[in-house]
Every structure is written in C-alpha cells, then in structure tokens.
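Structure record follows, encoded as structure tokens.
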Amino acid sequence: MDFYKRMKVACGRIPEGKVATYGQIALLCGKPRNARQVGYGLRCGLAGDVPAHRMVNARGVLSGAASFEVPGLQKMLLEKEGIQVMITDEGQVVDLKKYGWKNTLREAETLAVEFELLGI
DNA sequence: AGGTTGACGATAG
DNA sequence: TCTATCGCCAACC
C-alpha cells in the first residue's frame, strides 16, 4: 500500500470551507497511527498537489503554517473559504466544531474501495 | 545498524 | 483545564 498516494486522494476529498486533522486523514488512509507521516508527506510534497491549507492538528491549530511559502498564507487561504481563524496563545486556530470535516462512514468505505481499485 | 526528528495524538494526574 | 509523559513510525542522518 502506498500511503502517500492514498493521502493525495483522501486530502482531495476535504470539502472547501472545511478542515481535516492529520489523524483523521491517517485513519482514512488505513493507517490510524500515522498522523505524523501525514504531516511529513505534506511538508515534503510527497502527496502531490493537495489542499494542504485545510490540514490542522487535533486541537484546530494551524501547526504547519510555518512551512508555507509565505507567512500567513495558510490563514489567508482558509479565510478566503469562509473559515474564521482565531489568534490564541496556541497560535492560529480554527474551531473544529464549526469547520471540522465530519466525514461519513459511507465516505470512508467508498475511499477504501477506491484505493483497492487503484491498487494503492 | 542504531539514534534522532517531528505540519501528531492519547492519556494520566 | 492544563501539564507532563508516553506511544507512534517513516525518514533521515
């Protein structure tokens, strides 16, 4: 199984105006304990052209903001999609209750079938 | 081959 | 709720 190829597909499913967590994507990719690899894959561009700005950690923090080309770019992209980004002592944060992607079990299953079909 | 790193996450206290 | 600590694992020295 090619984790990073799966990542590319899974990340592509995150709806505009929503954000997903690293752990959530790892789970969708069939490797629930590989949250760190999701971040690694994005940082190194191993997942190709994906909407990396929609990725936050489990607390809603834009933990990868510093890795974007321009400082503040991730925040800007999110706000352009209607997502409110707050500034707290933890840094730039979004409200997961409001903007977190709540994928259905059906979506997860569909994704799994697709991976099988693609042989990844 | 073995130690370190890190866009993470869960849990105990 | 906040902190400390531990588990995790592919990459990269």
Side-chain angles (χ1 to χ4, degrees):
Chain A
M1 80 111 82
D2 190 325
F3 185 75
Y4 299 112
K5 285 186 179 178
R6 288 187 172 197
M7 253 186 72
K8 180 178 174 61
V9 180
C11 291
R13 296 299 163 84
I14 307 171
E16 208 179 296
K18 293 288 179 182
V19 297
T21 67
Y22 299 92
Q24 182 179 8
I25 295 300
L27 178 62
L28 286 175
C29 290
K31 292 284 185 180
R33 287 159 294 181
N34 283 33
R36 305 189 88 131
Q37 278 60 237
V38 174
Y40 178 81
L42 293 174
R43 185 171 64 85
C44 301
L46 301 178
D49 192 15
V50 297
H53 62 284
R54 297 187 191 133
M55 304 295 316
V56 299
N57 72 15
R59 302 186 314 257
V61 179
L62 278 56
S63 51
S67 297
F68 279 73
E69 302 284 336
V70 184
L73 178 59
Q74 182 177 16
K75 177 172 181 288
M76 188 199 78
L77 291 171
L78 289 174
E79 291 175 334
K80 192 161 59 179
E81 298 185 357
I83 297 176
Q84 180 181 19
V85 180
M86 303 168 288
I87 307 300
T88 76
D89 52 342
E90 285 217 292
Q92 304 173 317
V93 180
V94 301
D95 184 356
L96 286 177
K97 288 285 179 251
K98 214 182 291 182
Y99 305 111
W101 177 34
K102 289 170 282 294
N103 58 293
T104 66
L105 177 58
R106 180 190 181 80
E107 285 173 306
E109 289 172 344
T110 300
L111 209 47
V113 171
E114 196 166 334
F115 292 151
E116 194 67 28
L117 198 62
L118 294 173
I120 61 178

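The structure displayed is predicted, hence computed values, not measured ones.
- Within residues 15-22 of chain A, the residues that have a heavy atom under 4.0 Å from DNA chain B are, in order of number, Thr21(A), Tyr22(A).
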Side chains of residues 109-120 of chain A: which donor-acceptor partners sit under 3.5 Å, not counting sequence neighbours?
| unit_1 | atom_1 | unit_2 | atom_2 | d |
| --- | --- | --- | --- | --- |
| Thr110(A) | OG1 | Arg106(A) | O | 2.9 |
| Glu114(A) | OE1 | Arg13(A) | NH2 | 2.8 |
| Glu114(A) | OE2 | Arg13(A) | NH2 | 2.9 |

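- In this entry the distance linking CD1 of Ile25(A) with C1' of dG9(B) reads 15 Å, nearest Å.
- With sequence neighbours left out, the salt bridge (charged side-chain N to carboxylate O under 4.0 Å, His left out) criterion links Arg59(A) to Glu90(A).
- The hydrophobic cluster analysis finds Leu105(A) isolated: no Ile, Leu, Val, Met, Phe, Trp or Tyr side chain comes under 4.5 Å of it, directly or through other members.
- Note that NZ of Lys31(A) and CZ of Arg6(A) are 8.5 Å apart. Values are rounded to the nearest 0.5 Å.
- If you take CZ of Arg54(A) and C1' of dA7(B), they are 17 Å apart, rounded to a whole angstrom.
- One finds the OH atom of Tyr22(A) at 15.0 Å from the OH atom of Tyr40(A) (value rounded to the nearest 0.5 Å).
- Here the P atom of nucleotide dA7(B) and the CG atom of Leu42(A) are 11 Å apart, to the nearest Å.
- For the pair Phe68(A) CZ and dA7(B) P, the computed distance is 13 Å after rounding to whole Å.
- Counting to the nearest Å, the C1' atom of dA7(B) and the CG atom of Leu73(A) are 14 Å from each other.
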Every protein N/O lying under 3.5 Å from an N/O of nucleotides 7-11 of chain C:
| unit_1 | atom_1 | unit_2 | atom_2 | d |
| --- | --- | --- | --- | --- |
| dC8(C) | N3 | Arg36(A) | NH1 | 3.3 |
| dC9(C) | O2 | Gln37(A) | OE1 | 3.1 |
| dA10(C) | O4' | Gln37(A) | OE1 | 3.3 |
| dA10(C) | O3' | Tyr4(A) | OH | 3.4 |
| dA11(C) | O3' | Tyr40(A) | OH | 2.0 |

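- The structure places NZ of Lys80(A) at 8.0 Å from CG of Leu73(A), a figure rounded to the nearest 0.5 Å.
- The nearest whole Å value for the distance from the CD atom in Glu90(A) to the P atom in dC8(B) is 12 Å.
- Here dT3(C) presents its P atom at 11 Å from CZ of Arg59(A), a figure rounded to the nearest Å.
- Across the protein-nucleic acid pair, Asp89(A) atom CG and dT1(C) atom C1' stand 12 Å apart, rounded to whole Å.
- Taking atom C1' in both dA7(B) and dT3(C), one finds a spacing of 22 Å when rounded to whole Å.
- The distance from the NZ atom of Lys18(A) to the NZ atom of Lys102(A) is 4.5 Å, given to the nearest 0.5 Å.
- In this structure, the salt bridge (charged side-chain N to carboxylate O under 4.0 Å, His left out) partners of Glu79(A), at least two apart in sequence or on a different chain, are Lys75(A).
- Ile14(A) and Phe3(A) fall within the same hydrophobic cluster, defined by Ile, Leu, Val, Met, Phe, Trp and Tyr side-chain heavy atoms under 4.5 Å apart, directly or through other members.
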